[in-house]
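What follows is a short report on a single structure.
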2 protein chains.
Amino acid sequence: MGGSPRPALPAARKHSSKRDYIVDIFRHHEGHLSADDLFDLVRQGKTGIGRATVYRTLQWMVETGLARKVDFGEGRARFEASERRPRHFHLICDRCHRSFEFLSSDVESFVDEVASARGFAPTQTVVQVHGTCDECQKGVGAGATDDNATTAFLFARDALRMAIATERSGLEFYTCATRIASDPRGRRVFEKLAGEERTHLATLQARYKELIKSNPDLESRPAFLFFKGAASGLFASGAQQLTPGVDDEQALRIGMKCERGSHLFFKRYGSRFEESEGKRIFLEFAAEERDHFELLVREYRALRARRAAHRRRTPPRRHAVARRAR
Amino acid sequence: MGGSPRPALPAARKHSSKRDYIVDIFRHHEGHLSADDLFDLVRQGKTGIGRATVYRTLQWMVETGLARKVDFGEGRARFEASERRPRHFHLICDRCHRSFEFLSSDVESFVDEVASARGFAPTQTVVQVHGTCDECQKGVGAGATDDNATTAFLFARDALRMAIATERSGLEFYTCATRIASDPRGRRVFEKLAGEERTHLATLQARYKELIKSNPDLESRPAFLFFKGAASGLFASGAQQLTPGVDDEQALRIGMKCERGSHLFFKRYGSRFEESEGKRIFLEFAAEERDHFELLVREYRALRARRAAHRRRTPPRRHAVARRAR
DNA sequence: ATAGATGCAAACCCTTTGCACATTA
DNA sequence: TAATGTGCAAAGGGTTTGCATCTAT
């Protein structure tokens, strides 16, 4: 969040030092500023910038995507910087007027469903939960300002947590699969993957630790990302399916399904976020899961080939069992 | 939606014919009115009512729950009557400025989850999907006004559809259970329940037919209620669990789980709605499911008792199998 | 009689605009 | 210089408020 290497401001027809100045102030201020808040901030420094210019600049920032306009129903607009911060939803305390951000894949997928049922092309989704925040309920007057300053970090933290949980789940799955595998070659594959999961897990945990070290109070913060149908559940249910009767081929298939689901999940949501650490974590993890998936596919094919070869050496039988209809 | 028997207006400190008049106009107008829209309507009739009074009355209606204030980001508030209309969410076309209503249990349960994770006490949830509506995408300029006039009917329609789907699912479950039941007495229970489901199904379908008859274009309207995790899925998965190996006791248990889940679902969401036909459908259905549940419980207990009695007549064994730890 | 409701117009607040002037390409 | 950006103040729109005047209890 430091000096920010200015990612080439979207083209205005002409340059303007005043606009640059306003944008700079805005970009370095996390939280939800109203036009007047920003005007005040701008006035504190360089003088001679009019209110109208602030309004016009805000408008321009929204058009070019540098800012997002939010309306908390206060009768005036607020603006939030959009760089490096994923789109998100808000919990809004109507008593102390602070807001808390969160993000959810479930809501997004739900919105997709509703919109497509109506042939509606959504551009933006607003989710606001109004109510009373924890502190106001307890009567702790203090409150201070929005603590959304760390949203980018919270996002990274939760992305890592999800990746770690998924990795753990995967590790468990492969450990379990190793135990069940009957064929020594199959066992080796699962052992290898278990090993990989262990390595990745260690990497992710190190990364998590580092993040926490650089930002110690991060750990105690509440959740930002909510993914009810998160990918780690996939492996958990996959592991459940690994009952003693399952053979190597089936185990491979289950593993493939899990890795593929996990890959799709992380990729799909990762690609929706704004450029950020959290996004990177999602996409990197998605790539890893894809690699695992591909490895499993190769092994699966190899196993099938071996079996087919074996079958050729034994009395020929029906090649495939036709699935019962209905 | 007729003459409306006026459900005792929440007490204002003093009566006022003007306020009554404004409220009356508002209540009989479906859709989202701005203060000025309402002022115009009021002015059309009785003259001599000032804009301020309209504002004050709207404020009072919101306070007393007669109206809900909504903000579509137009820079002015809109108001919708809340009687007989469930809280709902909005799809908002930013091109033609119409809005479409929908409702979802998933969002509500999701919001509960997020809020409780933060110790936040929610009072109201705003979900707005902005974008372009079907017609505007196709370039059909017409559009007319909001067609939310029929929301109450759509709500009833979808409630009936859900109830019917659940009933069908239940019927399938009990038919399946009848086939599987080994004990003749158990079979009779399932047959009885299948019969009940058939009867209820017929009732519901008749009700649905009647609704459609009174409002023919209702059938072609898009969905209003979205319940991804709807209760009919319960019975479907219940039926899946009825594999040949399952005995009567297990089947009863599965049935109980389904009926109980279904009951809770319909009751939980039904109780959240405003007074309306749809709400009544939900709650009535919830009651039916509860009855089924209780019948199953009785049968289950009877079966257990019979088995215990039988066991007493045979060499005594361990009464319960201790569950493996972990 | 008295608290509460109303109309009117003025005040408020946030935001946009017109216009003369300053900057930038 | 020609096209844009800017400051100021004024206008705009939605909403609230002060105050004298009604009205219900």
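Any value given below was found using the heavy atoms of this structure, including those in side chains, with hydrogens, waters and symmetry copies removed. The chains referred to below are lettered A, B, ... by the order of the sequence lines, with proteins before strands, and numbering in each begins at 1. What you are looking at is a predicted structure, and each value in this text was computed from that prediction instead of being measured.
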For A:Leu33 and C:dT15, give me the distance from atom CG to atom C1', rounded to whole Å.
17 Å

Looking at C:dA22, I'd like to know if its phosphate oxygens (OP1 or OP2) sit under 4.0 Å from a side-chain N or O belonging to A:Lys18.
no

Distance in angstrom units between A:Ile22 CD1 and D:dG5 C1', rounded:
11 Å

Sorted by chain and number, sequence neighbours left out, side chain to side chain contact (heavy atoms under 4.5 Å, CB included) with A:Ile212 holds for A:Tyr208, A:Leu218, A:Glu219

For B:Ser34, check side chain to side chain donor-acceptor pair (under 3.5 Å) against everything at least two apart and list the hits.
B:Asp37

How many whole angstroms separate atom OH of B:Tyr21 from atom P of C:dG7?
13 Å

What pairs with A:Val107 under side chain to side chain contact (heavy atoms under 4.5 Å, CB included), at least two apart in sequence or on another chain?
A:Phe89, A:Ser104, A:Val111, A:Val127, B:Phe110

Rounded interatomic separation in angstrom, taking CG from B:Asp20 and C1' from C:dA5
12 Å

Could you go over nucleotides 21-25 of chain D and give all protein N or O partners under 3.5 Å, atom names and distances?
residue : atom : partner : partner atom : Å
D:dA24  : N3   : B:Lys14 : NZ           : 3.3

B:Gln59 CD to D:dG14 P, straight-line distance once rounded to whole Å:
17 Å

Taking ring-ring contact (aromatic ring centres under 6.0 Å, His included) as the definition, give me every residue that meets it alongside B:His88, ordered by chain and number, with sequence neighbours left out.
B:His90

Which residues satisfy the salt bridge (Lys or Arg N to Asp or Glu O under 4.0 Å) test with A:Arg280, sequence neighbours excluded?
A:Glu275, A:Glu277

What pairs of donor and acceptor atoms, side-chain ones from residues 67-74 of chain A against any protein atom, are under 3.5 angstrom apart with sequence neighbours left out?
residue : atom : partner : partner atom : Å
A:Arg68 : NE   : A:Glu80 : OE2          : 3.2
A:Arg68 : NH2  : A:Arg85 : O            : 3.2
A:Arg68 : NH2  : A:Pro86 : O            : 3.4
A:Asp71 : OD1  : A:Gly73 : N            : 2.7
A:Glu74 : OE1  : A:Arg78 : NE           : 2.8
A:Glu74 : OE2  : A:Arg78 : NE           : 3.4

Any donor-acceptor pair under 3.5 Å linking the side chain of B:Thr53 with the backbone of B:Ile49?
no

What is the distance from CD of B:Glu63 to C1' of D:dT16, rounded to the nearest Å?
14 Å

To the nearest Å, how far apart are A:Asp37 CG and C:dT15 C1'?
15 Å

Taking the six-membered ring for Trp, is the centroid-to-centroid distance between B:Phe100 and B:Phe224 below 6.0 Å?
no

Which residues satisfy the side chain to side chain contact (heavy atoms under 4.5 Å, CB included) test with A:Arg51, sequence neighbours excluded?
A:Asp36, A:Phe39, A:Tyr55

Where along residues 74-81 of chain A does a heavy atom fall under 4.0 Å from DNA chain C?
A:Gly75, A:Arg76, A:Ala77

What's the CZ-C1' distance between A:Phe39 and D:dC8, to the nearest Å?
11 Å

Using a heavy-atom distance cut-off of less than 4.0 Å, which residues of residues 49-58 of chain A contact DNA chain D?
A:Ile49, A:Gly50, A:Ala52, A:Thr53, A:Arg56

Got a sec, which residues hit ring-ring contact (aromatic ring centres under 6.0 Å, His included) with A:Phe273, two or more places apart in sequence or on another chain?
A:Phe155, A:Phe282

Of A:Ala35 and B:Gly48, whose nearest nucleotide on DNA chain C comes first from the 5' end?
B:Gly48

Name the closest nucleotide to the A:Arg19 side chain, picking from D:dC8, D:dG5, D:dG14.
D:dG5

Looking at residues at least two apart in the chain, or sitting in another chain, which of them share a side chain to side chain contact (heavy atoms under 4.5 Å, CB included) with A:Arg272?
A:Glu108, A:Asp112, A:Arg268, A:Tyr269

